[in-house]
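Below, read A as the first sequence line, B as the second, and so on, with proteins coming before strands; counting in each chain starts at 1.
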Amino acid sequence: MRPHRLPLLLLGYLASVSFSSAVPFENNAIVRTLELGGSLVHVTTTYAIKALEPGVKTYSLALNPEEREKTSWLQVRIKGEKNELPIDESEPDQNRPYHLINVKLPRALAVNGTLNIVLETVQTHVTKPWPERASQTEDQALKFATDLFVISPYSTGVQRTKLRILNPRIISFTEPKNVTPFTLDSPVTRAGATVTYGPYNNIPASANQDFLLTHQQPINFHYYHDQPVIELLSYSRSHEISHWGANLNTEDKIHLYNAGPALKGHFSRLQHQMQGFYQPKSQPHIIPALSLDLPPGVSNVYYYDTIGNVSTSHLRAVQSPPKGMPVKSPSVLDLRPRYPIMGGWNYSFTLGFDTPLADSVGWDAKTGKYVAELPIMTLFPAAVIDNAQVDIVLPEGATDIEFFTPYPAIESQISTHVTYLDTTGRPKLTFTYKNLTPKHVDNIYVTYKVSLSAHLKKPIAVAVAFLSLFGIAMFVRRIETSIDPKTKA
Amino acid sequence: MRTAYPIPQNLSPETVNNTASLLRIVALILISGAAIASRLFAVINFESIIHEFDPWFNFRATKVLASEGFYEFWNWFDPTAWYPLGRVVGGTIYPGLMATSGVIYNVLHALHLPVDIRNICVLLAPGFSAFTAWSTYMFTKELKDESAGLLAAAFIGIVPGYISRSVAGSYDNEAIAIFLLMFTFFCWIKALKSGSVLFSTVAGVFYFYMVAAWGGYVFITNMIPLHALVLLLMGRFSSRLYVAYSSWYAIGTLASMQVPFVGFQPVKTSEHMAALGVFGLLQIVAFAQLVRAHVSSKQFQSLLYYAVVATGLLGAIAFALLTYKGWIAPWTGRFYSLWDTGYAKKYIPIIASVSEHQPTAWPAFFMDLQFLIFLFPAGVALCFRQLRDEHVFVIIYAVMASYFAGVMVRLMLTLTPVVCVSSAVALSALLDTYIDPQEPLEDQEESKERTKAPDASNGATTHQDSTPVSPAMPKKGKKAAATAASSSSATKTQTTSSTVTFILDALSSSSTKKSSSSKPRGIFGFDARLAVILNTIGMLLFFVYHCTWVTSTAYSSPSVVLASSNSDGSQHIIDDFREAYYWLRQNTEKDAVVMSWWDYGYQIAGFADRATLVDNNTWNNTHIATVGKAMSSSEEVAYPILRKHDVDYVLVIFGGLLGYSGDDINKFLWMVRIAQGVWPDEIQEANYFTPNGEYRVDNQASNTMKNSLMYKMSFYRYPDLFGGGQATDRVRQQSIPSPGPTLDILDEAYTTENWIVRIYQVKKDDFLGRDHKTANAFAQGKRRRKAKPPVRRKALLA
């Protein structure tokens with residue numbers, strides 16, 4: 001990777017500074033849309049590019065390094081197409097003013113050929129509650145900051161940035177200054193829940209020190225958000241495949257944190273009950289309950305925490321569809337924590353369930369292997385998972401294990417896990433992730449072989465154990481312990 | 001011969017024996033199953049959770065043992081209990097229970113059965129109840145026979161008196177102690193009967209286990225010496241008694257001294273002196289026996305006389321001197337309260353405040369034992385008829401345990417086994433008589449030879465009592481096997497092939513049937529038998545029904561989770577305790593100190609993992625009184641106490657909204673009493689009553705009551721909940737005056753859904769150096785001025 005990136009970088013530098021004719025592309029238009037949420041900000045940037053030189057197959061995107069750091073999901077597509085374009089990027093470096101992502105185009109464009117490239121990202125931990133503390137009756141307001149201009153190593157014809165929120169309750173936003181070189185109209189307009197910066201015209205190549213120092217400026221956005229800001233500080237999932245039980249057990253250990261404004265003063269039950277009585281909807285920074293989608297066909301759902309079962313929840317279970325049919329509707333679990341989670345409060349719990357093994361594991365007759373499809377996470381709407389760990393426990397005696405992850409894990413390893421009635425232990429795969437968003441809801445595929453003898457290990461072990469128990473009992477019963485054979489007690 | 005109903009004739013004796021043995025095993029397994037199953041109501045109705053108060057500490061200690069190992073557990077110093085004093089846990093507990101769970105945990109994990117430690121703890125008591133049933137079977141078998149043993153096992157398996165302390169989740173010392181008690185007694189009886197060192201050693205080892213497991217071991221420590229003493233006085237001294245007692249005492253005492261909490265108590269405290277004394281006495285008697293074998297009778301008489309007088313005097317003087325010198329500790333308060341039920345209330349209110357230390361109410365006997373309580377005297381009376389050594393034991397046990405059960409509710413537990421045993425003896429005697437198919441005989445020829453047979457197994461000389469062959473034999477008809485029967489009745493080893501004999505043996509073992517009169521006496525016909533047997537079965541069925549009902553309704557509540565029912569009849573769980581504890585655990589600082597009444601100390605430590613001032617291990621009365629004082633005095637007095645003890649949160653239980661009667665206001669008088677015991681000048685119980693002497697919380701309540709921290713914390717903002725309406729306390733059925741009390745030194749931090757648990761945070765010192773009252777008034781005044789037009793009534797409110 002390293003050797004061929006350096007020339008490209010150099011090329012980018014040189015190109016933008018002096019040889020404008022040597023630049024392979026220019027952007028006709030860039031439109032950036034930011035959908036502001038609580039924990040997540042969804043950014044879609046569309047680049048309408050035009051090739052200036054023939055035969056160039058690599059297009060470079062530039063991002064603020066800080067922004068890249070906070071981007072936990074990133075995808076580049078051609079507009080209207082589904083397939084992801086392959087990208088190539090270096091480690092984000094805070095010291096450099098910008099971060100480059102090289103996109104491999106499917107085919108080289110002819111001179112003046114155009115293409116629309118879409119960069120979609122999800123940023124996490126970019127909003128902060130402001131004011132930082134709110135009492136039970138106050139509203140939840142968040143603050144968000146970003147850069148005014150989308151930077152690019154190429155010059156841009158016209159550029160817009162749209163910020164969109166869920167409801168039109170905007171408190172304030174920054175009026176950009178010194179944008180007269182690019183626009184003569186008002187630099188920012190607001191329409192309902194959308195604020196649009198731009199259009200700004202004729203922006204030179206902006207991924208350079210020069211432009212960033214003179215023109216780039218931060219914009220702040222302050223708005224009311226009426227969804228709770230949920231952060232899962234840790235999420236550890238474990239899948240356990242049991243062939244004998246025809247069962248897949250999934251267990252999540254979750255530490256939930258309300259990242260909204262911290263509770264000002266103390267929690268008053270009286271106020272909480274009054275609020276519930278007079279207005280049906282409580283303040284957005286109070287989480288009274290969560291609603292989660294579990295797979296169809298779940299059974300034995302359990303929800304407990306360190307000190308026992310939590311009895312306040314409802315499950316609407318749905319039968320699993322016949323094999324091959326698409327999943328129509330999920331089972332829904334309405335989960336009520338022990339106490340309403342106020343801003344800044346923690347709540348940790350364990351959620352587990354069984355699903356029929358046939359729903360997620362199949363047998364591939366061609367290779368003689370089992371193929372398991374195991375979801376990485378349960379969807380927590382609009383929540384970010386800071387640290388995730390996924391354990392997959394395969395049946396005892398599984399061999400030839402291969403796995404395929406939808407996106408690379410930070411760390412993955414195989415260890416041995418010993419549980420009920422095991423003799424040698426089961427292989428356990430462990431994957432570690434950071435900053436997962438709803439976009440990351442996907443499956444890990446694992447293939448493995450289990451021989452007949454491995455299948456039979458368990459019954460044989462149990463049979464041997466019982467047999468030896470009876471054997472010992474028989475033997476002990478026949479031992480004469482008395483010293484005097486006559487006085488048998 | 002004539003039988004009341006037909007019995008099979010063509011079975012070999014081996015078949016009968018084997019079938020009987022198999023049936024016994026199956027019956028025992030079923031009894032174990034029933035014993036375990038009936039204790040699972042708590043798990044099925046609620047969940048697998050540790051119950052009540054003390055079990056939470058045991059559970060916490062077990063977790064330490066399981067995760068850190070035995071040595072860490074042994075040296076465990078718990079800095080979060082009795083803040084700021086801390087508690088040396090290893091040296092202040094009976095570790096038997098935790099060690100048992102720890103061993104089970106480690107064995108299961110070694111076998112690759114990774115059972116959660118909580119489930120082991122929850123299911124330990126039901127598991128051990130199966131063992132209790134088995135050891136009761138063994139014990140009763142020694143007393144009478146196998147069928148009585150099975151009945152006793154069935155009784156102890158499901159009797160509520162034992163279930164009350166051993167439902168699933170009731171992870172307390174009693175859970176394993178009753179098994180150890182019965183098994184030690186069984187081994188003792190067995191050792192006494194056979195003079196076997198093996199059994200007395202086993203008795204000693206199990207005695208050690210018992211010492212390690214429960215403070216009630218003192219019961220064994222005094223029961224066995226008492227039995228030995230009574231046997232001695234009855235003139236039944238024998239080498240078997242000597243061997244059994246000496247081995248048991250030597251091994252048991254030495255072993256029990258290895259438990260740190262017991263230490264040198266066996267040789268230093270009064271409770272253990274009886275055992276030591278009897279041990280000495282037995283040595284003297286044995287020595288006297290030896291001397292008697294060597295000197296003439298006349299000399300021996302005088303020698304014995306002087307020796308007895310001298311040793312008696314010496315012993316008494318030595319005992320008095322040692323007690324006076326302080327070498328032997330005098331009786332403890334708990335012990336005195338066993339003799340004088342009013343003692344504790346006067347001198348140690350902390351003991352009297354525990355409900356299980358109250359004297360037993362009469363209905364409790366019926367509730368816990370049902371018809372066994374009626375059969376119990378009959379069984380004891382039957383013991384008098386044979387009066388072998390083990391019967392003497394049961395009689396003494398029955399007398400002692402009956403007394404103690406009357407004095408203290410929790411000692412009902414020690415009474416239950418003996419009630420089961422003697423009721424089983426009585427009932428099985430009844431059934432033996434009525435199931436026996438033998439019709440009474442017309443002629444009286446056998447009556448002579450019959451009279452001598454029953455008493456053959458009496459007395460202390462024989463140990464073949466488990467083969468009650470002989471009594472059945474004489475009743476045989478003269479036609480069938482008269483010769484065989486008459487010749488073999490004494491020798492027991494007959495070679496008759498008559499299968500009838502064996503079936504009769506298996507069915508009937510009523511050993512005493514005296515028919516000295518000329519007219520035949522007995523039960524005639526099938527209908528007479530059937531009437532009695534059906535009645536008995538009916539009684540047994542009602543007993544089972546009663547036990548199940550009591551277990552499911554009275555004894556299976558975890559008490560941390562409350563159940564109520566919705567309007568549609570479905571169960572509704574009230575989970576306020578855990579809500580509050582979990583909130584504490586998740587949303588307060590790790591080193592926060594929580595003050596509450598001592599009842600909730602173990603629960604806070606277990607559920608919430610926070611430091612507490614006082615807990616259920618009530619070893620420091622002054623510390624508890626300090627908490628009592630803080631709760632019962634005004635804010636100004638309480639605040640320095642709270643600050644001095646670094647209290648961050650105060651937790652109170654308030655049942656007024658829901659009608660939960662076990663709340664702190666109802667316990668409040670005990671706090672006042674205990675505080676009064678230490679600070680009689682500052683806290684007086686009388687101040688908390690109305691002038692009429694009533695305990696009230698409405699507007700007639702005394703000022704001291706209304707100003708007490710407990711009252712304020714309980715009712716803070718409570719009237720606001722009712723809007724403009726009249727606020728009612730549903731426990732005391734009194735209306736709370738509005739506006740409710742104000743709090744200056746505390747902030748309401750959390751209140752649970754049904755207001756059962758209320759947590760307050762102690763304010764830090766005001767940063768401007770004002771007192772809290774002024775600061776609070778200022779803050780409120782300012783806020784009010786901002787929000788509304790100026791309010792002139794402020795002065796009135798303040």
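Other residues, nucleotides and ligands place more than 12 heavy atoms under 6.0 Å from the CD atom of A:Q271. Under a cut-off of 6.0 angstrom, the local environment of NE2 in A:H455 is crowded, with over 12 non-hydrogen atoms contributed by other residues, nucleotides or ligands.
In this structure a side-chain-to-backbone donor-acceptor pair under 3.5 Å is missing from A:Y420 to B:H112. The closest donor-acceptor contact from the side chain of B:R578 to the backbone of A:N309 lies under 3.5 Å.
Screening residues 298-312 of chain A for salt bridge (charged side-chain N to carboxylate O under 4.0 Å, His left out) gives A:D305-A:R338 as the qualifying pairs, with residues at least two apart or on separate chains.
To the nearest 0.5 Å, atom CG of residue B:L111 and atom CG of residue A:D422 are 12.5 Å apart. In this structure, the separation between OH on A:Y339 and CD on B:Q586 is 4.0 Å, given to the nearest 0.5 Å. With rounding to the nearest 0.5 angstrom, the OG1 atom of B:T751 is 7.5 Å from the CZ atom of A:F267. Going from atom OH of B:Y750 over to atom CE of A:M342 covers 9.5 Å, rounded to the nearest 0.5 Å. The NE2 atom of A:H266 sits 11.5 Å away from the CD1 atom of B:I759 when rounded to the nearest 0.5 Å.
The two residues B:E753 and A:Q273 come nearest to each other via the heavy atoms O-NE2, 3.0 Å. Pairing each heavy atom of B:R717 with each of A:L270, the nearest pair is NH2-CD2, 3.4 Å. Residue B:I49 comes nearest to A:I307 through the heavy atom pair CD1-O, 4.5 Å, listed as atom of the first residue, atom of the second, then distance.
For B:E47, the part lying under 4.5 angstrom from a heavy atom of chain A is the side chain only. Within the 4.5 angstrom heavy-atom criterion, atoms from both the backbone and the side chain of B:D720 approach chain A. For a residue to count as touching a neighbouring chain, one of its non-hydrogen atoms must lie under 4.5 Å from one of that chain's; by this rule A:T306 touches chain B with backbone and side chain alike. When heavy atoms are compared at a cutoff of 4.5 Å, B:R585 approaches chain A solely by way of its side chain, counted from C-beta outward. In this structure, chain A has no heavy atom under 4.5 Å from any part of B:V560.
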In a table with atom names and distances, give each donor-acceptor pair under 3.5 Å that connects a side chain of residues 465-476 of chain A to protein atoms at least two apart or in another chain.
residue : atom : partner : partner atom : Å
A:S468  : OG   : A:V464  : O            : 2.9
A:S468  : OG   : A:A465  : O            : 2.8

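Interface remark: of the candidates B:T752, B:D747, B:I573, B:T752 forms the most heavy-atom pairs closer than 4.5 Å to chain A. The residue among A:G308, A:S348, A:S268 with the most heavy atom pairs within less than 4.5 Å of chain B is A:S348.
The residue from A:F349, A:Y347, A:W345 that alone fulfils the ring pair (Phe, Tyr, Trp, His ring centres under 6.0 Å) condition with B:Y582 is A:Y347.
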